[in-house]
Amino acid sequence: MSIASDVSAKRVTATGDAVNGRTRLQGVYYTCAATGSSITLRTGGAGGTTLLVLTTPAAAGAYDLIIPDNGILFENGVHVTLADANVTSVTVLFVGGAAA
């Protein structure tokens with residue numbers, strides 16, 4: 001059995017960069033309050049290109065999204081934007097790049 005690459009994780013609790021450099025997003029785990037909200041993932045910083053938007057449910061809890069195959073390519077890092085305080089944390093699972 002061979003291992004293709006190591007998966008890393010970075011947790012954020014506020015809007016900002018999660019990963020620096022070229023990376024592939026493999027999954028997202030997040031916690032939220034009982035009010036619906038959203039999480040936006042961009043490449044190229046706060047003003048960069050939006051590659052994924054997650055709408056959180058109006059139910060408190062922890063949720064995950066596993067991205068199949070090679071994941072989503074973020075050419076210039078992963079920037080996480082939390083719409084409001086209803087999203088309490090986001091953990092990105094990635095290959096390549098470096099945690100910010």
Side-chain angles (χ1 to χ4, degrees):
M1 177 171 98
S2 66
I3 297 174
S5 58
D6 292 329
V7 175
S8 298
K10 171 66 181 201
R11 180 176 179 262
V12 296
T13 57
T15 293
D17 291 336
V19 182
N20 294 322
R22 188 174 193 273
T23 189
R24 287 192 175 274
L25 184 70
Q26 301 288 286
V28 180
Y29 171 85
Y30 62 92
T31 57
C32 58
T35 301
S37 189
S38 67
I39 303 161
T40 302
L41 302 177
R42 295 181 174 92
T43 188
T49 303
T50 298
L51 296 182
L52 179 64
V53 176
L54 299 171
T55 302
T56 67
Y63 303 89
D64 60 53
L65 169 70
I66 302 302
I67 301 168
D69 296 325
N70 292 323
I72 300 172
L73 177 62
F74 284 70
E75 288 284 353
N76 298 302
V78 179
H79 179 86
V80 179
T81 301
L82 309 181
D84 51 43
N86 290 308
V87 179
T88 54
S89 72
V90 175
T91 300
V92 295
L93 304 172
F94 62 96
V95 174

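If you read the sequence from its start, that first residue is 1, and numbering goes on from there. Computed from heavy atoms alone, side chains included, the values below leave out hydrogens, waters and symmetry copies. Note that the structure is predicted; figures quoted are calculated from it, not measured.
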Test of understanding: clusters of I, L, V, M, F, W, Y form through side-chain heavy atoms closer than 4.5 Å, transitively. Do Val92 and Ile72 belong to the same one? yes

> Does CG belonging to Asp64 count more than 12 external heavy atoms closer than 6.0 Å?
Replying inline: yes

Taking Thr31's backbone N and O only, do any of them form a donor-acceptor pair with Thr88's side chain (distance below 3.5 Å, no angle check)? yes

| Close side-chain approach of Cys32 to Asn86, heavy-atom, < 4.5 Å | no

Smallest heavy-atom separation, Thr13 atom then Ser89 atom, equals CG2-CB, 4.1 Å

Here the gap from Phe74 atom CZ to Arg24 atom CZ, rounded to the nearest 0.5 Å, amounts to 11.0 Å

query = Are Leu93 and Leu82 joined in one hydrophobic group, where the rule is that I, L, V, M, F, W and Y side chains link up if heavy atoms are under 4.5 Å apart?
reply = no

When rounded to the nearest 0.5 Å, the distance separating NE2 of His79 from OG1 of Thr40 is 9.0 Å

Between Ala100 and Lys10 the two heavy atoms that sit nearest each other are O-NZ, 2.7 Å

* Same cluster or not: are Tyr63 and Val90 linked, directly or through other Ile, Leu, Val, Met, Phe, Trp or Tyr residues, by side-chain heavy atoms under 4.5 angstrom apart? -> yes

For residues 41-61, please give each side-chain donor-acceptor pair under 3.5 Å, one per line with the distance, not counting sequence neighbours.
residue : atom : partner : partner atom : Å
Arg42   : NE   : Thr50   : OG1          : 3.4
Arg42   : NH1  : Thr81   : OG1          : 2.8
Thr43   : OG1  : Glu75   : N            : 3.3
Thr43   : OG1  : Asn76   : N            : 2.7
Thr43   : OG1  : Gly77   : O            : 3.2
Thr56   : OG1  : Ser37   : N            : 2.7
Thr56   : OG1  : Ser37   : O            : 3.3

Tightest non-hydrogen contact, residues Ala9 and Thr91, listed as CB-CG2, 4.1 Å

Nearest heavy-atom contact between Ala62 and Tyr29 is CB-OH, 3.1 Å

For the hydrophobic clusters of this structure (ILVMFWY residues joined by side-chain heavy atoms under 4.5 Å, transitively), does one cluster hold both Leu65 and Ile39? yes

Main-chain N/O of Asn70 paired to Gln26 side chain as donor or acceptor, under 3.5 Å | yes

